[in-house]
Amino acid sequence: MTRIFALVDCNNFYVSCERVFDPKLKDVPVVVLSNNDGCVIARSNEAKALGIRMGAPAFKCKDLFERHGVRVFSSNYSLYGDMSARVMNCLGSLVPDMKIYSIDEAFLLLNNFSESPETFARRIRQTVLRWAGIPVSIGIGPTKTLAKIANRFAKKHPEHGGVLDLTNNPDKASYLKQTPTEDIWGIGGKHSLFLRSYNIRNALDFSRQARDWVKSKMTVTGLQTLLEIQGIPCLSLEDSFVPNKTIISSRSFGGCVGSLDQLKEALACYVSRAAEKLRWQRALCTCIMVFIHTNRFRKDHPQHSCARQLRLLHSTDYTPLLIRNAHDILEKIYRPGHEYKKAGVMLSGIEPRLERQLTFFTPPKIRRIKERKLMEAMDRINSRWGRGTLKPAAMGTVKKRKMQRNLLSPRYTTSWHELPVVRAGWHGQARIPAARSIDALMPVEMS
DNA sequence: TCTGGGGTCCTAGGACCC
DNA sequence: TCTGGGGTCCTAGGACCC
């Protein structure tokens with residue numbers, strides 16, 4: 001049976017989240033910055049029109065921001081994560097087969113509905129807008145890659161009303177022709193330049209290339225993209241609960257860190273966070289990698305970047321053990337006399353807890369139970385009272401590494417103290433209602 | 001002065017094993 | 001002069017995605 005894939009993509013997601021609660025942001029240029037207010041990672045259409053590039057360093061755009069009155073925000077992941085959950089819950093209530101692809105995207109299967117895929121997609125679009133307050137675009141096609149291409153047109157060209165179906169579309173060739181190779185999902189800058197040298201400039205040109213040639217030049221992943229564009233599905237919807245194969249936790253520092261002790265504290269925080277994610281997916285890891293970098297933009301400073309991996313004696317999710325191992329690695333790779341800008345940890349060799357491979361060094365059951373109870377208690381307390389309520393002492397007690405987040409909006413939906421106020425009335429200063437519709441303020445279940 | 005964080009998959013080469 | 005065949009695992013790097 002031919003499958004019908006739909007890709008639902010939230011428009012300028014982070015900006016849209018800010019706009020739900022602040023109507024003054026409508027029709028004005030808005031951007032959201034990465035951690036430490038470093039780079040531009042989301043732009044409203046008005047900001048895009050000003051020529052602000054994705055990933056542009058914020059300090060280089062400062063003048064432009066001021067000149068055009070661009071509203072600038074630090075990233076507010078509490079808000080975006082919660083809004084994403086609302087959108088996804090909404091989609092999940094409308095279709096049975098769905099795969100969340102990223103914080104702002106999900107693939108759906110649109111087979112077996114009484115309405116036409118396009119009509120149904122328009123209904124999905126309206127529902128998400130009403131329930132979550134977030135505008136989305138929906139592309140439809142016989143493969144995921146074609147659905148992606150359709151989505152691009154649905155988003156860019158308002159005349160489609162936010163939905164485009166490329167399945168059996170008589171104008172498919174024309175749409176492919178209007179899709180530059182670098183805009184094809186799976187073809188990035190390098191391959192796009194390479195294709196250009198062969199005068200392959202758009203998806204239609206690419207779709208006409210020989211399979212053997214594409215495979216030899218772009219490996220099997222390139223071949224997969226070719227077949228998908230030709231309408232032959234290579235990518236399935238997949239299970240939504242496939243565990244990650246690696247878990248990374250890392251940060252750039254607001255300033256620079258030179259001392260081993262400070263790096264150890266930072267690393268303990270990252271390990272602790274990664275181990276939490278590991279336990280969350282009920283898994284254990286067998287490998288741990290630590291990396292540190294100096295600031296690669298400071299050519300005038302001595303540079304050092306190093307990563308080293310260690311295979312653990314037995315699989316684990318026990319934070320103290322992971323911190324100990326991370327510190328051992330750090331001591332081996334650390335070089336005094338350098339100002340480090342970033343550090344991180346990666347856990348890999350991940351196996352489900354229930355399928356644990358015992359080794360000669362696996363601790364006896366009684367100790368494992370003790371460790372499990374300790375971690376469960378810590379996770380429970382932190383989930384009830386907030387992250388970091390209970391933490392390993394190795395993380396330090398004083399917050400020294402401060403992240404730059406000077407332009408943060410309130411956590412409208414996840415903090416009691418920061419809820420939007422409709423009208424202050426009898427108890428003080430007025431905060432104007434923020435939501436586009438009252439539904440946007442309600443948890444999805446209530447709408 | 002200031003340049004994010006978290007993932008996936010593929011390939012090649014070296015060390016090592018029998 | 002001639003020097004096998006078939007594996008695994010690890011590391012490093014590249015390319016891509018959001």
Side-chain angles (χ1 to χ4, degrees), chain A residues 7-10 12-14 31-42 53-63 65 72 74-77 80-81 84 99-107 144-145 148 151-152 181-195 215-225 234-235 238 242-256 270 273-274 277-278 281 286-287 289 291 293-301 305-311 339 341-350 402-407:
Chain A
L7 174 67
V8 180
D9 191 331
C10 301
N12 315 329
F13 181 55
Y14 296 168
V31 299
V32 176
L33 305 181
S34 61
N35 282 344
N36 287 317
D37 293 340
C39 300
V40 173
I41 52 167
R53 304 286 297 263
M54 186 68 173
F59 74 93
K60 287 189 179 171
C61 303
K62 226 176 145 197
D63 288 346
F65 290 165
V72 184
S74 304
S75 33
N76 183 345
Y77 288 109
Y80 312 150
S84 171
K99 161 81 183 174
I100 297 174
Y101 178 65
S102 70
I103 193 165
D104 69 333
E105 279 175 88
F107 284 101
K144 283 182 161 182
T145 308
K148 268 270 187 187
N151 189 287
R152 185 172 158 274
T181 46
E182 63 266 28
D183 286 349
I184 301 171
W185 190 42
I187 297 184
K190 289 281 157 62
H191 279 147
S192 162
L193 269 179
F194 164 78
L195 291 172
K215 187 178 174 190
S216 74
K217 300 292 182 189
M218 300 166 67
T219 80
V220 293
T221 45
L223 175 62
Q224 212 167 267
T225 302
C234 299
L235 304 168
E238 295 165 33
V242 180
N244 292 344
K245 294 178 179 173
T246 56
I247 293 173
I248 296 175
S249 178
S250 71
R251 287 282 179 284
S252 294
F253 307 129
C256 276
Y270 309 147
R273 179 78 192 108
K277 290 190 207 168
L278 188 64
Q281 65 179 49
T286 54
C287 278
M289 187 185 80
F291 58 88
H293 301 298
T294 48
N295 187 346
R296 67 199 158 99
F297 296 102
R298 291 299 300 264
K299 303 288 185 216
D300 53 327
H301 286 185
S305 83
C306 192
R308 191 168 295 177
Q309 194 164 356
L310 179 82
R311 168 150 243 169
E339 293 286 320
K341 178 68 182 168
K342 180 171 180 174
V345 64
M346 179 171 96
L347 306 179
S348 62
I350 289 173
K402 234 175 55 201
M403 193 155 59
Q404 301 280 331
R405 293 214 298 185
N406 299 324
L407 309 155

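Below, chains carry the letters A, B, ... as their sequence lines are ordered, and counting in each starts from 1.
- Backbone-only engagement by A:Ser249 is indicated by non-hydrogen atom pairs under 4.0 Å involving sugar-phosphate atoms exclusively.
- Of the listed nucleotides (B:dT11, B:dG6, B:dC9), B:dT11 has the atom at the smallest distance from the side chain of A:Thr219.
- Residue contacts for A:Lys215: at a heavy-atom cut-off of 4.0 Å it reaches no nucleic acid atom on any strand shown.
- Taking the six-membered ring for Trp and thresholds of 30 and 60 degrees, A:Trp185 and A:Tyr101 have ring planes more than 60 degrees apart, a perpendicular arrangement.
- A side chain to side chain contact (heavy atoms under 4.5 Å, CB included) with A:Tyr14 is found for exactly one of A:Ile103, A:Val31, A:Asp104, namely A:Ile103.
- The interatomic distance linking A:Asn406 (CG) with B:dG4 (P) rounds to 16 Å, in whole Å.
- Atoms NZ (A:Lys99) and C1' (B:dT8) sit 11 Å apart, rounded to a whole Å.
- Proximity of A:Asn244 to A:Gln281: side-chain heavy atoms (C-beta onward) are separated by under 4.5 Å at one or more points.
- Look at the C1' atom in both B:dG4 and C:dC17: the space between them is 15 Å, to the nearest Å.
- For the pair A:Ala58 and A:Lys245, nearest-nucleotide mapping onto DNA chain B gives the more 5' position to A:Ala58.
- Taking the six-membered ring where tryptophan is involved, the planes of A:Phe291 and A:His293 are tilted, since the angle between them lies from 30° to 60°.
- Ranked by how close their nearest DNA chain B nucleotide is to the 5' end, A:Gln224 and A:Gly38 are led by A:Gly38.
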Distances under 3.5 Å between nitrogen or oxygen atoms of protein and nucleotides 13-18 of chain C:
from   : atom 1 : to       : atom 2 : distance (Å)
C:dA15 : OP2    : A:Lys190 : NZ     : 3.4
C:dA15 : O3'    : A:His191 : ND1    : 3.4
C:dC16 : OP1    : A:Gly188 : N      : 2.9
C:dC16 : OP1    : A:Gly188 : O      : 3.2
C:dC16 : OP1    : A:His191 : N      : 2.8
C:dC16 : OP1    : A:His191 : ND1    : 3.2
C:dC16 : OP2    : A:Lys190 : N      : 3.1
C:dC16 : O5'    : A:Gly188 : N      : 3.3
C:dC17 : OP1    : A:Ile184 : O      : 3.3
C:dC17 : OP1    : A:Gly186 : N      : 2.9
C:dC17 : OP1    : A:Ile187 : N      : 3.3
C:dC17 : OP1    : A:Ile187 : O      : 3.3
C:dC17 : O3'    : A:Trp185 : NE1    : 3.3
C:dC18 : OP1    : A:Lys148 : NZ     : 2.8
C:dC18 : O3'    : A:Asp104 : OD1    : 3.2
C:dC18 : O3'    : A:Glu105 : OE2    : 2.6

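- Residue A:Lys62 is classed as having no contact, given no heavy-atom separation below 4.0 Å to the nucleic acid.
- Side chain of A:Lys341 to backbone of A:Phe253: a donor-acceptor contact under 3.5 angstrom is found.
- Distances shorter than 4.0 Å separate none of the side-chain N or O atoms of A:Asn36 from OP1 or OP2 on B:dT3.
- Note: CD1 (A:Ile41) to P (B:dG7) measures 15 Å, nearest angstrom.
- Contact check, A:Thr246 against B:dT8: a side-chain N or O comes under 4.0 Å of OP1 or OP2.
- Distance from the side chain of A:Ile248 is smallest for B:dG6 among the nucleotides B:dG4, B:dG6, B:dT3.
- When the C1' atom of C:dC9 is taken as reference, atom CG of A:Leu310 falls 15 Å away, rounded to whole Å.
- Taking the side chain of A:Arg251 as heavy atoms from C-beta on, and the options B:dG6, B:dT3, B:dC9, the nearest nucleotide is B:dG6.
- Checked against B:dT3, B:dG6, B:dG4, the side chain of A:Lys277 finds its nearest nucleotide in B:dG6.
- If you take CE of A:Met289 and C1' of B:dG5, they are 13 Å apart, rounded to a whole angstrom.
- Residue A:Arg308 is classed as having no contact, given no heavy-atom separation below 4.0 Å to the nucleic acid.
- Distances shown here put a side-chain N or O of A:Lys342 below 4.0 Å from the OP1 or OP2 atom of B:dG5.
- Relative to the side chain of A:Arg311, the nucleotides C:dC10, B:dC2, B:dT8 differ in distance, and C:dC10 lies closest.
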Original post:
Based on Watson-Crick and G-U pairs with both distances under 3.5 Å, what dot-bracket line describes DNA chain B 5' to 3', crossing pairs as [ ] and inter-strand pairs as |?
Top reply: ....||||||||||||||

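- Nucleotide B:dT8 holds its P atom 9 Å from the CD1 atom of A:Ile247, rounded to whole Å.
- Between A:Met346 atom CE and B:dG7 atom P there is a gap of 10 Å when expressed in whole angstrom units.
- At least one donor-acceptor pair closer than 3.5 Å links the side chain of A:Asp37 to the backbone N or O of A:Asn406.
- The two atoms that bring A:Asn36 and A:Gly254 nearest to each other are OD1-CA, 3.7 Å, heavy atoms only.
- Side chain of A:Thr145 to main chain of A:Thr225: no donor-acceptor pair is present (N/O by atom type, distance under 3.5 Å, no hydrogens or angles).
- With A:Asn295 contributing its side chain and A:Cys256 its backbone, the two residues share no donor-acceptor pair below 3.5 Å.
- Residues A:Lys148 and A:Glu105 meet the side-chain proximity criterion, which asks for heavy atoms closer than 4.5 Å.
- In this structure, the nucleotide among B:dG7, C:dT11, B:dC2 sitting nearest to the side chain of A:Gln309 is C:dT11.
- When rounded to the nearest whole Å, the span between NE2 of A:His293 and P of B:dG6 equals 12 Å.
- If you check every strand for non-hydrogen atoms under 4.0 Å, A:Asn244 touches sugar and phosphate atoms only.
- Judged by distance alone, with hydrogens and angles left aside, the side-chain atoms of A:Ser75 form a donor-acceptor pair with the main-chain N or O of A:Leu33 at under 3.5 Å.
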